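Remember, predicted model here, so these are calculated numbers, not experimental data. By convention in this document, chain letters (A, B, ...) are assigned in the order of the sequence lines, proteins followed by strands, and residues within each chain are numbered from 1. All values below come from the heavy atoms of this structure, side chains included, with hydrogens, waters and symmetry mates left out.
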Amino acid sequence: MTKSSNEKMADLVNVKAGVQKHQIHNDEALFALEMEKVFGRSWLFLTHECSIPNAGDYITTRMGLDEVIVVRQKDQSIKVFLNVCRHRGVRLCVTDAGNARGFVCNYHGWSYGANGDLQGVPFEEAVYKNRLDKCKNSLHEIARVESYHGFVYGCLDPDAPDLKDYLGDFAWYLDIWMEESGGIELIGPPARCFIHANWKVPSENFVGDAYHVGWTHTSALRSGQSVFAPLAGNTALPPEGAGLQVTSKYGHGLGVLFDAYAGVNGAEMIEDLMAWGMAKYAKLEKKLGEKRARLYKSHLNGTIFPNNSFLTGSGVFKVWQPHEPTKTEVYTWAMVEKDMPDELKERIAKSVQRTFGIAGYWESEDNDNMESESHMAGGTIAKEKVLNAQMGLGGDFQDPDYPGLVGESAIGETSYRGYYRFYRDLISSSSWEEVNEKSENWVEDLIGGKSNV
Amino acid sequence: MTQTAYFQEQSTGVASFEIISEVEQTLYREARILDEERYKEWVDMMTDDVHYFMPGLQTRYRKDKTDYENNLSYMAFYNDNKEELLKRLARLETGTAWSEDPATRYCHLITNVEVELTEDLDEYLVYSNFLAYRNRNERDEDSLIGMRKDLWRRVKGQLKLKKRRIILKQNMLISKNLNVYF
């Protein structure tokens, strides 16, 4: 019997064995399917509320292959529209950001209010003889938009879970830095560049790859002398208990290196950042308890499924926007705590661009690997082989202190496996209902793994 | 936020042929030093209080006067003092910058040089355009084109770069990194 297309998709990821087919990083047909099933169904990061504070403030961005306008309304709510004129489908707003009462199409001059209503049609009476129903030609609105502690996400699928449910166990970790810290601001505009890599390659790296730091970034560790410097050249491994790996039902995952709040910031920043982190930790400890508050003063690398990554402490916030199977647009913001003094915010913003910006001395090594991993997946033989994410396989467990599923040591590939487990369910299902049925036993799926399967 | 102009220095007239020629030769030498990756010598061509700035740009409507070219607190590709530049360059000297081995091949073309005098007789405002070509391995190839505005200062008879603002003519970098200096 031949396999259904959903079954074939499911074969791309072997959760029990902790492997994925290399093909996933360079395949036209799969990419098209991902745009529909991954980007058409997941909650996608759009902007931060602080980027559009006033009525009429807007930014343009992407949801998969669709371009959208995100606009602050008069009542302070946020609306999201397809950036497409209803008349002949031209890109309506052609700028990255700004403030506007509305948008006028360059083609025939149809104009829309910031609320999406079609307001003006040149020579409407004369040419349409009052037969054009303007109410039926408002901009296509993205119905599901939610703000999570100021981080604005949108979803194209009416059947997807609410954002809070979508984040699930992962919200417990996000809330520490997004909310309990006093709140976060993103400093933009985001730096933007194209990498010739599949969008999943950087997403998987941020979701759970502490392993590469000591080797890939040897040069950055030696020259920057950050708190991670002892890892340079793989001369040392973080000791047992130095960190944590976490994955969750819907693929979101993170890695923790405890008490490393200053992250990748260079030596000149460490003292001031650690002082700031420790002072706030002392307050948070009373409220959240030692274990949870400790995560605030730790360094967290993570990805909110599918393509939104962050490094707390290092202050790095990223979105990996897919354009083609091996072409991804990278947005990089600096992330700061709202109550930090302006001078510290500016130093962090500068530092983020110096480390993980386009000219960043950390990022340049990563991007070389990202492109290479994607390019090699184009090989006729190579694409049929599997990628190995078996580190720590069989050792994942549920910890009463930490929501989600936890890996057994500081460095491992628990979150890779969790990310691709959910990815498998998304691309091999025809609806969210089916996704949820398949994902019901996600814990058993992951903890039953054996590398000799 | 109120912004002060990145360049406070005003032009007081065009420099002499002799000075123009001296500045041009300095810019060409600098370009060769960059092409040959002699970064220590490159930094030696700068004053101790140098500022090296390449703002990030956004695409906005003409009527929107948001000014990124003078605002140091927005996202920038480069926004470095001497110490920070040295730190970036130190990465290359570790011998472990994997993405630079094998080496990138560089070629800087410098054109449209204009030299203007300022109120300080030792300082010159210098405009130039650049084309920085780079190539690495089989597939990596970029031609980065833009404009520079510099302040060069004469220190003990030698011209030293004191301030440089680089405007790359791309709002989004159409390549994976900026491992290149301008």
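Within a 6.0 Å radius of CD in B/Gln8, other residues, nucleotides and ligands contribute more than 12 heavy atoms. With a 6.0 Å radius and a threshold of 12 heavy atoms from other residues, nucleotides or ligands, A/Glu268 has its CD atom above the threshold. Summarising the local packing, CZ of B/Phe7 is surrounded by more than 12 heavy atoms from other residues, nucleotides or ligands at distances under 6.0 Å. Remark: B/Glu36 CD is packed, more than 12 non-hydrogen atoms of other residues, nucleotides or ligands lying under 6.0 Å away. By the 6.0 Å contact criterion, OH on A/Tyr107 is open, its count of non-hydrogen atoms from other residues, nucleotides or ligands being 12 or less. Residue-environment remark: CE (B/Met147) stays at or below the threshold of 12 foreign heavy atoms within 6.0 Å.
Considering OG of B/Ser99 and CD of A/Glu363, their distance stands at 10.5 Å, rounded to 0.5 Å. Going from atom CZ of B/Arg62 over to atom OG1 of A/Thr95 covers 13.0 Å, rounded to the nearest 0.5 Å. If you take OG1 on B/Thr59 and CZ on A/Arg192, they are separated by 6.5 Å, rounding to the nearest 0.5 Å.
Neither the backbone nor the side chain of A/Ala334 comes within contact range of chain B, judged by heavy atoms closer than 4.5 Å. Residue B/Ala76 touches chain A through its backbone alone, counting heavy-atom pairs closer than 4.5 Å. At a 4.5 Å heavy-atom cutoff, the contact between B/Tyr61 and chain A is made by backbone and side-chain atoms alike. Within the 4.5 angstrom heavy-atom criterion, no atom of A/Tyr331 approaches chain B. In this structure, no portion of A/Val330 lies under 4.5 Å from any heavy atom of chain B. Interface remark: A/Trp215 contributes backbone and side-chain atoms alike to the contact with chain B (heavy atom separation under 4.5 Å). Heavy-atom distances place the side chain of B/Asp140, and not its backbone, under 4.5 Å from chain A. Only the side chain of A/Glu329 comes within contact range of chain B, with heavy atoms under 4.5 Å apart.
With 3.5 Å as the limit, one finds no donor-acceptor pair spanning the side chains of A/Ser223 and B/Arg88.
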Worksheet item: Could you walk me through whether B/Lys176 and A/Asp368 pass the side chain to side chain contact (heavy atoms under 4.5 Å, CB included) check?
Response: CA-CA 8 Å; B/Lys176 65 180 166 183; A/Asp368 221 43; 2.5 Å; yes
A/Arg222 and B/Arg91: side chain to side chain contact (heavy atoms under 4.5 Å, CB included), yes or no, with the steps? CA-CA 7 Å; A/Arg222 289 196 177 138; B/Arg91 165 180 161 260; over 6 Å; no
Could you go step by step and tell me if B/Asn79 and A/Gln353 meet the side chain to side chain contact (heavy atoms under 4.5 Å, CB included) rule? CA-CA 9 Å; B/Asn79 181 0; A/Gln353 297 303 345; over 6 Å; no
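Taking every heavy atom of both residues into account, A/Gly188 and B/Tyr74 meet most closely at O-CD2, 3.2 Å. The minimum heavy-atom distance linking A/Ile187 with B/Ser73 is given by the pair CG2-O, 4.2 Å. What you find for B/Asn177 and A/Ser364 is that their closest heavy atoms are ND2-CB, 3.8 Å. Between A/Gly98 and B/Arg60 the shortest heavy-atom distance is CA-NH1, 3.5 Å. In terms of heavy atoms, A/Ala97 sits closest to B/Asp64 at O-OD2, 4.2 Å.
Contact count versus chain B (heavy atoms, under 4.5 Å) is highest, among A/Ala191, A/Ala100, A/Gly357, for A/Ala191. Note: B/Glu84 leads B/Glu84, B/Met54, B/Glu83, B/Glu93 in heavy-atom pairs under 4.5 Å with chain A. Chain B forms more heavy-atom pairs under 4.5 Å with one residue of A/His375, A/Lys345, A/Lys327, A/Gln225 than with any other, namely A/His375.
Using a 4.5 Å cut-off on side-chain heavy atoms (C-beta onward), A/Tyr361 and B/Lys87 make contact.
Remark: side-chain polar atoms of B/Thr96 are paired, donor with acceptor, to backbone N or O of A/Ser219 under 3.5 angstrom. When atom types are taken as modelled, the side chain of A/Glu365 and the backbone of B/Trp98 share a donor-acceptor pair closer than 3.5 angstrom.
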